[in-house]
Amino acid sequence: ENTGYEGWLRFSKLTNANLEAEYRTFFKRLVMSEESEILGTAKEELVKGIQAILDTSLECSDQAGQASNIILATQNTKIDLVTTLVGDHSSQLNEEGYILKTDKETHSVLVYGKTDKGVLYGVFHLLRLVQTEVSLVDIEIVENPKNQLRMLNHWDNMDGSIERGYAGKSIFFEDNRFVEDFSRIKDYARLLASIGINGTTINNVNVHEVETNLITEEFLPDVARVADIFRAYGIKLFLSVNYASTIQLGGLGTADPLDENVRHWWKEKAKEIYSYIPDFGGVVVKADSEHRPGPFTYGRNHADGSNMLAEALEPFDGIVLWRCFVYNCLQDWRDRSIDRARAAYDHFKPLDGQFKDNVLLQIKNGPMDFQVREGVSPLFGAMPSTNQILEFQITQEYTGQQRHLCYLIPQWKEILDFETYAKGEGSPVKSVVDGSMYEYKYSGITAVVNVGNDMNWTGHTLAQANLYGYGRLIWNPDLSTEEITNEWVKATFGVDPQVVETVTEMLLKSWSIYEKYTSPLGVGWMVNPNHHYGPNVDGYEYDRWGTYHFADLQGIGVDRTVATGTGYTGQYFPENTSFYESIETCPDELLLFFHHVPYTHQLKSGVSVIQHIYNTHFEGVEEAEELKNRWLALEGKVDDVRFRHVLARQEEQAEHSKEWRDIINTYFYRKSGIADELNRTIY
Ligand code: GCU
């Protein structure tokens, strides 16, 4: 019974007999003449994968035979065939890069990494080629990850709950301790390594009472056991820490970053952590944000706070991922100069150059909070002397909570390709966060993950595609959405053209469909407070925790212009400032993010704002219905459990999209008094 537990590492039998025959000529002997823990993993994965796909046991040897060798090698390997095949490619590799190359004469395949990590990634690539049925006859691939840090953030609490988790409970914690059985963590590590992830936190950025103790002797032995599992897959373990640990754990009565005792306490604490986990990655910190403690309490700034931790971790090569999600969550609606979108830039930009070089600022992709559509954070590219790491949200907090299908790769690609103009034309976000634009010492991409202990990991089976795609995209942001999607669908559901076509189409259309029936034109939210599922136009509008759309009888939207609004547009580089500032050039999909307009305002698409709201909400519902019907047509082509599981979610989405449509349409009809030109039912 296939529950989806294997994810994209299903290694099912092949459909193409010719290719299968070809593979059999290659896969006979596995040659490896060195040893390391990660090489051991690579070997284990290859043997297991090939066993599953071809039903054949690879013979293992430390020497190449006459023919049919699969050679796993690093720069330390001394095998003649390796030297010949690698040629001068080796100089093109970085620490995690690899070469995959076929030798036609001997029917051999070389998987060569500069280091053992490269070999592990190369093995997963090779398995992917086989699983997606690609011929190996002419393979010559040189791959390097574009981003140095390729991370995940778990928002898991030790009671087993997951903040913004939609796929069950934590795979790490239960009842305020670690789970007993770690085997699932190993299965998880495999999934992550297969898509190139090389770091993860295991606990929530909101570090509560019990979790604060993760860095004490009570839990460090367990943390170290988890780190051991991840290490074998090339993944470094990080922890989210409580900024005020010196108070809760150290009994110091202060967390002032300039206090000598505070600094000393953290230095000792770092020593202790590294005595358990010598390659501990570092810490993630949410400070002065949504009621979390931070340096502001002591009249210090975020450079002071993060540098204090960075100083403690520095001797061990640890890093500090300091979040920029700092804003006033109790802003007053009367004060139109306060704008949550401005906050990160206002707080951090003036500090450029003051951070130690093992601090990275962790910046959410947008200035607000992972909405279905919002602007791109103007902080990217604005701090030439400060390391930056981008944060995405894979878990679908505002995008349907894994009950609705919303494939986020197209959204993330737009963000990575966003032109910042930081150094003139040709300065996309991806070249900021891959560290190349300003030569950052540390940089990369991280994301809040969507995994829990549901059998299929992600609640909605198709939401696995967001995790898979995230890993592949941050390995190489130049991969196209189509390539990534095609890989995932084939590895997950097999190569049957009807299945591939249908699932691909469902995924590719899903973001736009979700956007259509939810909050319009970039304005965001309109969700129920707290849990954030389902429509509630004024849910936060009249709440203390305000996030505003400013809809009234005449119009809607947030004026973020320099001329008449909050001035947020002025945080971009000049080309983008004028692009968004002008209602003429501001793109439709972000109109209400940047401007307050009357309902009768005509969009570039030719329709008025109000008619756009009606049209998209009716269309969105029809398209959600189509998603379900597309899936239904795959009955018998997708194994039963996964088929029924996805169907149930698509049924729920189709049904629930109607609630969105009706509530949004009715709300705006009553506000504006303007009827739908097509006279459709609005309650
Ligand atoms: C959002 C989310 C919170 C989370 C916060 C953060 O506001 O709703 O659950 O803690 O982001 O990123 O810190």
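When a ligand or atom number is given, it counts from 1 through the structure's own listing order. FYI, the numbering just counts along the sequence from 1.
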Identify, by atom number and element, the atoms of ligand 1 in contact range of D369, meaning under 4.0 Å from any of its heavy atoms.
1 (C), 7 (O), 11 (O)

Atoms of ligand 1 close to F325 [distance to a heavy atom under 4.0 angstrom, numbered from 1]
5 (C), 6 (C), 7 (O), 11 (O), 12 (O), 13 (O)

So for V448 against ligand 1, with non-hydrogen atoms under 4.0 Å, the contacting part is neither

Does F370 reach ligand 1, in the sense of a heavy atom lying below 4.0 Å from it?
no

E290 near ligand 1, heavy-atom distance under 4.0 Å?
yes

Can you check whether Y580 reaches P587 side chain to side chain, under 4.5 Å on heavy atoms?
yes

Please list all pairs meeting ring-ring contact (aromatic ring centres under 6.0 Å, His included) that have one or both residues in residues 354-384, counting only residues at least two apart or in different chains.
none

Quiz item: cation-pi between R340 and Y548, 6.0 Å / 45°:
no

Under 6.0 Å between ring centres: does that hold for Y298 and F296?
no

Pair Y166 + H531: ring centers closer than 6.0 Å
no

In the protein, which heavy atom is nearest to [atom], and how far is it?
| atom | value |
| --- | --- |
| atom 13 (O) of ligand 1 | K286 NZ, 2.6 Å |
| atom 8 (O) of ligand 1 | E397 OE2, 2.5 Å |
| atom 11 (O) of ligand 1 | K364 NZ, 3.0 Å |
| atom 4 (C) of ligand 1 | E163 OE2, 3.4 Å |

Indicate yes or no: does an N/O atom of W155 lie under 3.5 Å from an N/O atom of ligand 1?
no

Scanning both residues in full, the closest heavy-atom pair of A382 with D352 reads O-OD2, 4.4 Å

Quick one: do the Y533 and N528 side chains pair a donor with an acceptor below 3.5 Å?
no

